[in-house]
Amino acid sequence: MDFSQILNQYSYTTELHTHSFPVSACGEFTASEVVKFYKEAGVNSLVLTNHLNPLWMEGSPSQRAEEYLSDYRLAREAAGKEMNIILGVEIRFPENHNDYLVYGVSEEDLEQFISLIPYGIENFYKEVKSDKNLILQAHPFRKNMELAPIHAIDGIESLNMHPNHHAKPSVAFKYAKENDLIVSGGSDFHHKGHHALCLMRTQKEMKDSYDVAEALKSKTAIFDCSGHIIIPYIY
């Protein structure tokens with residue numbers, strides 16, 4: 001199969017890791033601006049994975065969930081019918097600086113997620129894990145990260161393409177192979193010019209968060225890093 005055949009067969013593109021301001025304080029652009037960039041790039045689906053961290057414990061879980069979802073709703077409004085906006089989460093717990101990406105998420109899950117932040121990843125996995133979701137450690141080999149307990153994650157983000165951080169993708173892929181972990185990849189978009197650096201390619205359209213979780217669990221997705229195709233499970 002040549003390159004053009006691969007692109008034709010895996011024709012749907014999805015960004016798995018993006019941030020918007022103000023829900024992610026580190027983001028440079030509003031949800032509407034993020035959508036505009038990805039529309040211009042011709043991306044089919046965009047997963048908004050804003051930060052959910054210990055700061056979100058202040059106030060009631062229901063109030064904080066509504067605040068968290070505000071950018072997601074703005075993004076959906078800005079996208080209209082031109083692009084699928086999908087809910088994801090990048091969650092952190094007080095125990096360390098690790099981040100975890102969760103796919104297979106609904107709006108109704110947010111209150112529970114916020115209430116579980118004080119108790120760490122192992123408790124979170126025990127309480128939240130289902131056959132419909134996927135819990136991955138984000139950029140596990142970035143500076144200041146600690147490897148999560150294997151029994152508390154389903155996989156790792158092996159291809160984190162944030163240009164300002166070194167996520168050591170070759171080491172991450174080796175670790176995933178040795179421990180039979182699911183892998184994912186994304187642009188980790190925050191700043192100007194850094195969008196759509198790593199997209200998931202699939203044979204079917206990703207319409208919601210559960211589609212994304214299933215595509216990653218099925219190990220049928222491939223990744224497109226600025227035109228360079230990575231097929232992660234040929235080993």
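Every residue two or more places apart in sequence or in another chain that forms a side chain to side chain contact (heavy atoms under 4.5 Å, CB included) with Ser218 is listed here: Glu214, Thr220. Remark: Glu127 pairs with no residue by the side-chain hydrogen bond (donor to acceptor under 3.5 Å, both in side chains) rule, at least two apart or across chains. Taking the side-chain hydrogen bond (donor to acceptor under 3.5 Å, both in side chains) definition, one finds that Ser158 meets it with nothing, sequence neighbours left out. Under the rule for a side chain to side chain contact (heavy atoms under 4.5 Å, CB included), the partners of Ser106 that lie at least two apart in sequence or sit in another chain are Glu108, Asp109, Tyr210. Partners of Ser115 under the side-chain hydrogen bond (donor to acceptor under 3.5 Å, both in side chains) rule, at least two apart in sequence or in another chain, do not exist in this structure. By the side chain to side chain contact (heavy atoms under 4.5 Å, CB included) test, Pro118 pairs with Met57, sequence neighbours left out.
Pairing each heavy atom of Ala221 with each of Pro232, the nearest pair is O-CD, 3.7 Å. Closest heavy-atom contact between Ile182 and Leu134: CD1-CD1, 3.6 Å. What you find for Pro140 and Met145 is that their closest heavy atoms are O-CB, 3.2 Å. For Ile85 against Ala75, the heavy-atom pair with the smallest separation is CG1-O, 3.6 Å.
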Side chains of residues 20-35: which donor-acceptor partners sit under 3.5 Å, not counting sequence neighbours?
{"residue": "Ser20", "atom": "OG", "partner": "Asn50", "partner atom": "ND2", "Å": "3.1"}
{"residue": "Ser20", "atom": "OG", "partner": "Asp71", "partner atom": "OD2", "Å": "2.8"}
{"residue": "Ser24", "atom": "OG", "partner": "His19", "partner atom": "ND1", "Å": "3.1"}
{"residue": "Ser24", "atom": "OG", "partner": "Asn50", "partner atom": "OD1", "Å": "2.7"}
{"residue": "Ser24", "atom": "OG", "partner": "His51", "partner atom": "N", "Å": "2.9"}
{"residue": "Glu28", "atom": "OE1", "partner": "His191", "partner atom": "ND1", "Å": "3.2"}
{"residue": "Glu28", "atom": "OE1", "partner": "Lys192", "partner atom": "N", "Å": "3.2"}
{"residue": "Thr30", "atom": "OG1", "partner": "Glu33", "partner atom": "N", "Å": "3.2"}
{"residue": "Thr30", "atom": "OG1", "partner": "Glu33", "partner atom": "OE1", "Å": "3.3"}
{"residue": "Glu33", "atom": "OE1", "partner": "Thr30", "partner atom": "N", "Å": "2.8"}

Could you tabulate the donor-acceptor pairs under 3.5 Å formed by side-chain atoms of residues 198-207, not counting sequence neighbours?
{"residue": "Arg201", "atom": "NE", "partner": "Asp224", "partner atom": "OD2", "Å": "2.8"}
{"residue": "Arg201", "atom": "NH1", "partner": "Tyr10", "partner atom": "O", "Å": "2.8"}
{"residue": "Arg201", "atom": "NH2", "partner": "Asp224", "partner atom": "OD2", "Å": "3.3"}
{"residue": "Thr202", "atom": "OG1", "partner": "Lys204", "partner atom": "O", "Å": "2.7"}
{"residue": "Gln203", "atom": "NE2", "partner": "Tyr10", "partner atom": "OH", "Å": "3.2"}
{"residue": "Glu205", "atom": "OE2", "partner": "Asn84", "partner atom": "ND2", "Å": "2.8"}

Could you pull out all donor-acceptor pairs under 3.5 Å where a side-chain atom in residues 166-176 meets a protein atom, sequence neighbours excluded?
{"residue": "His166", "atom": "ND1", "partner": "Lys168", "partner atom": "N", "Å": "3.4"}
{"residue": "Lys174", "atom": "NZ", "partner": "Glu178", "partner atom": "OE2", "Å": "2.5"}

Show me the donor-acceptor pairs, under 3.5 Å and distance only, between side chains in residues 119-126 and residues at least two apart or in other chains.
{"residue": "Glu122", "atom": "OE1", "partner": "His151", "partner atom": "NE2", "Å": "2.6"}
{"residue": "Tyr125", "atom": "OH", "partner": "Asp154", "partner atom": "OD1", "Å": "2.5"}

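The structure places CZ of Phe223 at 6.5 Å from CG of Leu159, a figure rounded to the nearest 0.5 Å. Once rounded to the nearest 0.5 Å, the distance linking NE2 of His195 with CG of Leu46 reads 11.0 Å. Taken to the nearest 0.5 Å, the OG atom of Ser11 stands 13.0 Å off from the CD1 atom of Ile6. Here the straight-line distance linking atom CG of Asn179 with atom CG of Leu147 works out to 8.5 Å at 0.5 Å rounding. Between atom CG of residue Asn144 and atom CG of residue Asn96 there is a gap of 10.5 Å, rounded to the nearest 0.5 Å. Interatomic distance, Lys36 NZ to Met83 CE, rounded to the nearest 0.5 Å: 12.0 Å.
Listed for the Tyr68 side chain is no donor-acceptor partner under 3.5 Å among the backbone atoms of Leu52. Tyr103 places a side-chain N or O within donor-acceptor distance of the main-chain N or O of Leu16, the cut-off being under 3.5 Å. Side chain of Ser45 to main chain of Thr14: no donor-acceptor pair is present (N/O by atom type, distance under 3.5 Å, no hydrogens or angles). Side chain of Thr49 to main chain of Thr18: a donor-acceptor pair is present (N/O by atom type, distance under 3.5 Å, no hydrogens or angles). A donor-acceptor pair under 3.5 Å is absent between the side-chain atoms of His165 and the main chain of Pro163, judged by distance alone. Counting only distance, with no hydrogens or angles, the side chain of Asn98 and the backbone of Glu146 share a donor-acceptor pair below 3.5 Å. Proximity of a side-chain donor or acceptor of Gln137 to a complementary backbone N or O of Ile156 within less than 3.5 Å is not detected. Side chain of Asn133 to backbone of Ser130: a donor-acceptor contact under 3.5 angstrom is found.
The cluster map of Ile, Leu, Val, Met, Phe, Trp and Tyr, joined by side-chain heavy atoms under 4.5 Å apart, puts Leu116 and Ile153 in the same cluster. Tracing side-chain contacts under 4.5 Å through hydrophobic residues (I, L, V, M, F, W, Y), one reaches Val128 starting from Leu87; they form part of the same cluster. Under the 4.5 Å side-chain heavy-atom criterion for ILVMFWY residues, no single connected hydrophobic cluster contains both Leu74 and Ile86. Under the 4.5 Å side-chain heavy-atom criterion for ILVMFWY residues, no single connected hydrophobic cluster contains both Tyr12 and Ile230. Both Ile150 and Ile135 sit in one connected hydrophobic cluster of ILVMFWY residues. Membership requires side-chain heavy atoms under 4.5 Å apart, directly or through other members.
Below 30°, between 30° and 60°, or above 60°: for His17 and His139 the angle between ring planes is below 30°, a parallel geometry.
Checked for salt-bridge contact, Arg73 and Glu66 meet the test: a charged N lies under 4.0 Å from a carboxylate O. We find that Asp180 and Lys219 are joined by a salt bridge, their nearest charged nitrogen and carboxylate oxygen being less than 4.0 Å apart.
Residues Leu101 and Val89 form no side-chain contact, since every pair of their non-hydrogen atoms from C-beta on lies 4.5 Å or further apart. Using a 4.5 Å heavy-atom threshold, the side chains of Val105 and Phe113 count as touching. Proximity of Arg64 to Ile117: side-chain heavy atoms (C-beta onward) are nowhere separated by under 4.5 Å.
When the shell of 6.0 Å around CD of Gln63 is examined, it contains more than 12 heavy atoms from other residues, nucleotides or ligands.
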If you apply the rule side chain to side chain contact (heavy atoms under 4.5 Å, CB included), what do you find for Val43 with Phe37, and how did you get there? CA-CA 9 Å; Val43 174; Phe37 294 141; over 6 Å; no

Gln112 vs Ile114, test: side chain to side chain contact (heavy atoms under 4.5 Å, CB included). Steps then yes/no. CA-CA 5 Å; Gln112 181 191 21; Ile114 291 167; over 6 Å; no

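Residue pairs satisfying the salt bridge (charged side-chain N to carboxylate O under 4.0 Å, His left out) criterion with at least one member in residues 78-96, sequence neighbours excluded, are listed as follows: Lys39-Glu82, Arg92-Asp99. The list of salt bridge (charged side-chain N to carboxylate O under 4.0 Å, His left out) pairs with a residue in residues 8-17, not counting sequence neighbours, is empty.
Looking at Glu157 and Asn160, their side chains do bring a donor and an acceptor atom within 3.5 Å of each other.
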